[in-house]
Each structure stands twice: as C-alpha cells, then as structure tokens.
Amino acid sequence: MYKIVKKEYLANNIWLMDVEAPRVAKSCQPGQFVIVKTDEKGERIPLTVCDYDREKGTVTIVFQTVGASTELMKDLGVGDSFQDFVGPLGCASELIEMPEEELKKERILFVCGGVGTAPVYPQVKWMHEHGVDVDVIIGARTKDLMILENEMRAVAGNLYVATDDGSYGFKGNGCDQINDLVNNQGKTYTRVVAIGPMIMMKFVAQLTKELHIPTIVSMNPIMVDGTGMCGACRLQVGDEIKFACVDGPEFDGHLVDFDQAMLRQRMYKTEEGRAMLRLQEGDTHHGGCGNCEG
Amino acid sequence: MEVDVMKRIPVREQDPKVRAANFEEVCLGYDKEEAMAEATRCLQCKNPQCVKGCPVNIDIPGFIKEVAEGNVEGAYHVIGEYSALPAVCGRVCPQESQCEVKCIRGIKGDAVSIGKLERFVADAAREQGVKPVKAESLNGKKVAVIGSGPAGLTCAGDLAKLGYDVTIFEALHKAGGVLSYGIPEFRLPKTKVVDAEVENVKSLGVKIETNVVIGKAITIDELLNEEGFDAVFIGSGAGLPKFMGIPGENANGVFSANEYLTRSNLMQAFDDDYATPIVAGKKVAVVGGGNVAMDAARTALRLGAEVHIVYRRSEEELPARVEEVHHAKEEGIIFDLLTNPTQIFTDDEGNVKGMECIRMELGEPDESGRRRPVEKPGSEFTLDVDTVIMSLGTSPNPLISSTTEGLDINKWKCIVAEESNGQTSKAKVYAGGDAVTGAATVILAMGAGKAAAKGIHEFLSKK
C-alpha cells in the first residue's frame, strides 16, 4: 500500500498529493510517469510525475477529476493509501539526458496548459538545479484556474502567465504569448516543450513549426499496463507507430498526429459516462432508461 | 462405476449455449468417483512414455496410482515434487500433444485422461487444504525472480523448496503473469485456481513484490550489487503485441488481443463492479488462429458480440489447441479461414466500420513447413465489423535487455539462455520461458523455470 502524506486542492478540480513510494522516488526522473490504482476494483490511471523527494521516499502527483475513477481518488485523504502505485514508467525527458554543455547552449521555452503545468514543474526545477535558466509560460482560461504559479516562479528564469480572458497577466492563450515573445519581444528559442491538453499541444506545435523551433510534447493517451503490453496508447508519429508508454511519453510535436490521438482519446467516452452515472446515482441507479444499459 | 478400458471417462462441461453467455469455467472436471475410475485405466507402465512427453517429467503413473486408491494428498505430493502449478497445468497444458499422445492406451483406444486427473488432484487437494511442503531451513542465499508467470513461479517454488530466500518482482499489480492477464476466467478461474496456486508458492516462503518494473524502478545490476541477491532469474515473458501494419489499424475499435484480454481478465472489465471499461462490440473480427485468438474470440462472444475468427491459412494449420477450436465452434464462433485483412475502414469519428479482407489459397510449404498462404487476386470483400482484435503473436519486452549490460539477445529480441540450466551471457543471471523462446506454452515456461532453478542451485552450491 502507498500512503498519502499530503493532499492539497490547487484549482479547477485539480488536486495534488504526495504519496509514499520509495522505489519510485529513488529512481524517477522528470518526464516519466506512474500508474496509480485506488483499490481492488479501480482503474489503472497514468499520471506524469510532478515532483519527488528521494530522501523522504515520496512522489508528488497532480490530477484533475474528469471521471468516476479520479472522483474516487479525490476522496482519499492524508493517511489513506493507494492500493497500487507503479513506476517510474516511460522515458525521462530527453533534455535531462543531454550533455550539460550542450544543454547550457539551449534557450528553452516551456509552455504549460492547465493540469499540464504539473509535469512541467519537475523539468524546470531540474533545469534550475543544474544551472539552466528557462522561460516558462503558464496558460489558463482565467486567473482562478492557474496552478503552481509560485512554485514555478521560484525555479523559472522568466515566468509568463497568460489568461484567455485577460484576468491575469497577458491576455490570450499560450500560442498568443509565444507569438508575442518571439515576434514582439524579440526572444529567440532553440526549443519548446509544450505540455497540456491535446488541443493546446496541437496548436503550439503548429505555431512552432512555422517558427522553426523544435518542439517536444508529452502525450498521455489511454493506456492499461504502461509497460508496452497492451498497445492501447499507440500513436502515429511521423511514419511510425509508437507506444506512448515505452517510447514516450515525450515525442517530437511536429510529427505527432494529434487529430488521430484526439479521436483515440474519446474511445471510452460512453463507458466513462455510464460509470460516472453509476457513481453519482449510487444505489438509486437503476438503469432501464435505455441510455446506459445499466 | 463401470469402466470400458478402451474409453476415457467423459468429463462434464457447461452446455455451450449456456456458457456462451457467462464467464464461468467451461470444463467442470472429474469428481472423485470419476477420477478413481479413470485412474484404473492407467497400465502403470514400467517404462512410462507419458513422463517423457511432460516438459517437467511428472511421475504420472505414480500420481495416478494414488488417485486410483483414492489418496488425494498422496497424489498431490507426488505431483508437487515436479510442478508448483498442477491446477493450472491440468487445465491449460496441451496434454494431447505431450503426455497423453504417448500413452499406450491410446494405441487401441483413448489415452488416459492425464490432464483431467491432474486437475482433479489439484482441485481436491485445495478443497481439503493440503499444502506443499516447505523447506526446513533457509540456506542463507537470496535469489530474485523477475516476473510471476509460470516460469517465475516454478523457478521460485523450486528454489524455495531447496532453502533459498526468494523474492519475485512483478510489474503488474497482481501476480500470475499470463495466467492472470492473458488466459480468461472461463478457462482458468482467477480466484479459485490462479490465486490459490500463487498462495501455495508463497506458502513455501516465496515473497512477491508487485508493482516493481525491473529496468525502470531498479536494474538487474542493482539487484545483484545493492540489494544483495546472489542470482537473478528472468521470466518476464513475451508481452509486446504485434500489429499488421495495414491502413486503419489505429482506428477506435482496433485492439491487440493483449489489451482486450488484459481489460477483461486482469482488470475484470466484464464485471460492472470494476471500473475499467471494455468495448463489447456488436460484430467482432479476431485476426489470428492461436490459443490467444480463441481466448479473445470467446471473450468477445461472452460480452455479447457476433465473432469471426479471420485466419489466413486453413483449419489444419490453426495453431490453437484442437480442444479450444472445438469449444469455440460449439459456442458459435464463426471461422473465416483462408482470409487475410488488407485494410480497416473508419467513420468520421475514427471508429471501425468495416474490414476489407482478401481470400487466400495454400501454395508451397514455407520455412515453417506449413503451406504458404497466397492471395487470390480480385477476391477482396468487406466484413462489416465494428471491432477488430489483432492476435498475431507477441514478442519479449526490451525493458530488461536494454537496461542490462552484458545480457545477449537474438534477432527476435529473445534473451539467449542455455536450455539445460537457463544460464545467460551474464554471470549470475538466468532466464527462461517466453522471454527466451518467444511466445510458447505455460508448461514449456514451467519446464524452463525448473531447469533454471536447478542451474541456479548448482551454481550457488559450488560457491
């Protein structure tokens, strides 16, 4: 069992938890992910590592409640445990594998959208600890939905915040902010790392392709085992089919077929809706309405 | 009970029409009276051929003699000297091509029903609470076993009986490997059989640590150098699915058999109490003709679909066990033989709406000795399926080989190991099962686990 030692509400149904998982904490690297499962009957849910404390043996995860399984996760408190917590899975970010000298020559811009801010944080922190200053954009629809701003500010070179409604920072989305930095403020970047909703990564990648900036995205598709066994997480990347769990989760954003990935993301929408209804209606769920076959 | 020595005692099965709609076990097994009657058919050969056909060389006449006398506990301990998983083997071993095919009774009549007798012994022993015999004391040496499938469980069990302190590391959240994620409930009940046999191995003193991915959380070198293990056995199986590489294969509704079966078996998606979803499908094509294809097809059928097996050769070449093909047909699976998929069609939302296939005919034998299937030009047609399950075989996961320096693999990414003792190219590291051979059977993996346990024991005894 893997005990929850800290729980915090961030914003917009996004929660942060520190979980005791010594083997994972000892070996995980920025960019990798874990799979958690609340109980015997739960789903295996992949989550990108948000932070880790090798000495305390804890790993930080951040998740947004989007369905029945994450609703149940949110109900766990400090002192409760996950039945399963496995990792680290996937490959570490290619940036941290780079020789330090080359890395120091890079001018990197991280672009985070929504809950995607969480997996960006350990990468920026790692850069900071290795003496590399990077620029970071956190994008959100509105000010109240922004997460991890203070944490990010402490480790980023320059932090730019952008809100769609202009309630905080730059008015516009992540792409608008990139455009502003590159075209108006004369910034140059050798690399962009974009992590957030699939649609946001798609548009960032489209823009950076026009700007000729190599771009890494982190994919979080549907998966079961996370070790290469099921193939549910397969993606079209250029001419090749890749498994996000073992070949990724990070890929060249200019090669990923986002449209296909977004269609695949919707595969279990009906089933998920049914599960959510069962959860919300509890014992009063009787089926027979013809819609859920429950 | 009357016995015709030429004929085996028939085994009771669930009616095909009933079982096509449930996940209960198909074969109901012998009761004690039936088992004792069947056991009297064994000739107790002085030079038993059946034993030679068994990959772990169980003393078959020995345990059958105990059954004939009604001594379940005695029979269980005879088998226990050779096999840690009799309830599994009694169900999933291909006895018809191993022990039973060599039975002298089979020359003029039916071979003795060895598999069903083994299953009876294991089930009856479990019901009576008979446990395997634990080593009297530990010998102070530690062995790590990677993977808790048939190879790992067997290797761990054998070493524990010899007094080793054994820890199994399992990547998934549940022990059993392919027994848990791959083989369906209706062929191999999880709680009753798999969990119970895993518990038996644990009762020998074996520790199982789940949720540890070797090669990610910790490497083999770290196990040897930092965690104090004296030897490592790799039984990590062949878990990577293959796809065909045809257009449309990434559509929603195309699954690997691994995914489909893992959802249904490991995650129990067929049961609404479990959170993991599965797409049942209304009309399903399963591409492939092996045991895994039969398992996937029969699972989809039980979830309510019309199911077609699409296989490019003819019935004769189907790699699945005859019993599995027979059961599948009884349940209403449709076999589209000499048929090969060429592309998958999708609707606007990326869902499968059909699969184009082409008719095949058999040409000259290829390197596998089977006649090569050749396309019949112009014979394309469309199967109007909404779900496609690819069951084209699996290959070993590179997670371990790519993170272990000095561990040689061959061109199929299988770990190179000696057949006799499991020794790999790296000192202190042994391997066996599908990780070495590529996808094969439960019992062959057990045989390899057994050979490696012997190899590890010989190596560590010399030190």
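Proteins get letters first, then strands, A, B, ... in listed order; numbering begins at 1 in each. Heavy-atom basis, side chains included; hydrogens, waters and symmetry copies ignored.
With a 4.5 Å cut-off on non-hydrogen atoms, A/Glu40 touches chain B through its backbone and its side chain both. Heavy atoms of B/Asp273 lying under 4.5 Å from chain A belong to its backbone as well as its side chain. Neither the backbone nor the side chain of B/Glu170 comes within less than 4.5 Å of any heavy atom in chain A. For chain B, the nearby part of A/Leu235 is the backbone; its heavy atoms alone come within less than 4.5 Å. Contacts of A/Phe85 with chain B are made by backbone atoms alone, with heavy-atom separations under 4.5 Å and no side-chain atom involved. With a 4.5 angstrom heavy-atom cutoff, B/Ile278 touches chain A only via backbone atoms. Contacts of B/Ala251 with chain A are made by backbone atoms alone, with heavy-atom separations under 4.5 Å and no side-chain atom involved. Heavy atoms closer than 4.5 Å to chain A are found in the side chain of B/Tyr181, but not in its backbone.
Within 6.0 Å of the CG atom in A/Asp75, the count of heavy atoms belonging to other residues, nucleotides or ligands exceeds 12. The number of heavy atoms from other shown groups lying within 6.0 Å of NZ (A/Lys74) is above 12. Applying the 6.0 Å contact sphere to CD of B/Glu405 captures no more than 12 heavy atoms from other residues, nucleotides or ligands. Within a 6.0 Å radius of NZ in B/Lys192, other residues, nucleotides and ligands contribute more than 12 heavy atoms.
Checked by atom type and distance alone, the side chain of B/Asn252 pairs as donor or acceptor with a backbone atom of A/Leu263 at under 3.5 Å.
B/Arg263 contributes atom CZ, which lies 11.5 Å from atom CZ of A/Arg44 (distance to the nearest 0.5 angstrom). One finds the NZ atom of A/Lys41 at 13.0 Å from the CE atom of B/Met267 (value rounded to the nearest 0.5 Å). The OG1 atom of B/Thr346 sits 9.5 Å away from the CD atom of A/Gln260 when rounded to the nearest 0.5 Å. The CZ atom of A/Arg23 lies 5.0 Å from the CZ atom of B/Phe169; values are rounded to the nearest 0.5 Å.
Interface remark: of the candidates B/Thr262, B/Leu399, B/Val279, B/Val279 forms the most heavy-atom pairs closer than 4.5 Å to chain A. Across B/Asn258, B/Asn250, B/Val212, the residue that shares the most heavy-atom pairs under 4.5 angstrom with chain A is B/Asn250. In terms of heavy-atom pairs under 4.5 angstrom with chain B, the leader among A/Cys230, A/Gly90, A/Gly87 is A/Cys230. For the set B/Pro241, B/Gly239, B/Gly350, the entry with the most heavy-atom pairs within less than 4.5 Å of chain A is B/Pro241. Of the listed residues (A/Asp84, A/Ile241, A/Asp225), the greatest number of heavy-atom pairs within a distance under 4.5 Å of chain B belongs to A/Asp84. Options A/Pro88, A/Ala21, A/Gly226, A/Gly231 differ in how many heavy-atom pairs under 4.5 Å they form with chain B, and the most are formed by A/Pro88.
Considering B/Glu226, B/Glu227, B/Glu222 as possible partners of A/Lys26, the one that fulfils the salt bridge (Lys or Arg N to Asp or Glu O under 4.0 Å) test is B/Glu226.
Below 30°, between 30° and 60°, or above 60°: for A/Tyr268 and B/Phe255 the angle between ring planes is between 30° and 60°, a tilted geometry.
When all heavy atoms of B/Glu259 and A/Val224 are compared, the pair lying nearest together is CG-CG2, 4.3 Å.
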What verdict does the side chain to side chain contact (heavy atoms under 4.5 Å, CB included) test give for A/Thr227 and B/Lys216, after you've listed the backbone C-alpha separation in whole Å, the side-chain angles of each residue and the deciding distance to 0.1 Å? CA-CA 10 Å; A/Thr227 61; B/Lys216 287 287 175 190; over 6 Å; no
Please step through side chain to side chain contact (heavy atoms under 4.5 Å, CB included) for the pair B/Leu240 and A/Met229, ending with a clear verdict. CA-CA 5 Å; B/Leu240 290 194; A/Met229 266 176 54; 5.8 Å; no
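We find that A/Arg234 and B/Glu249 are not joined by a salt bridge, their nearest charged nitrogen and carboxylate oxygen being 4.0 Å or further apart.
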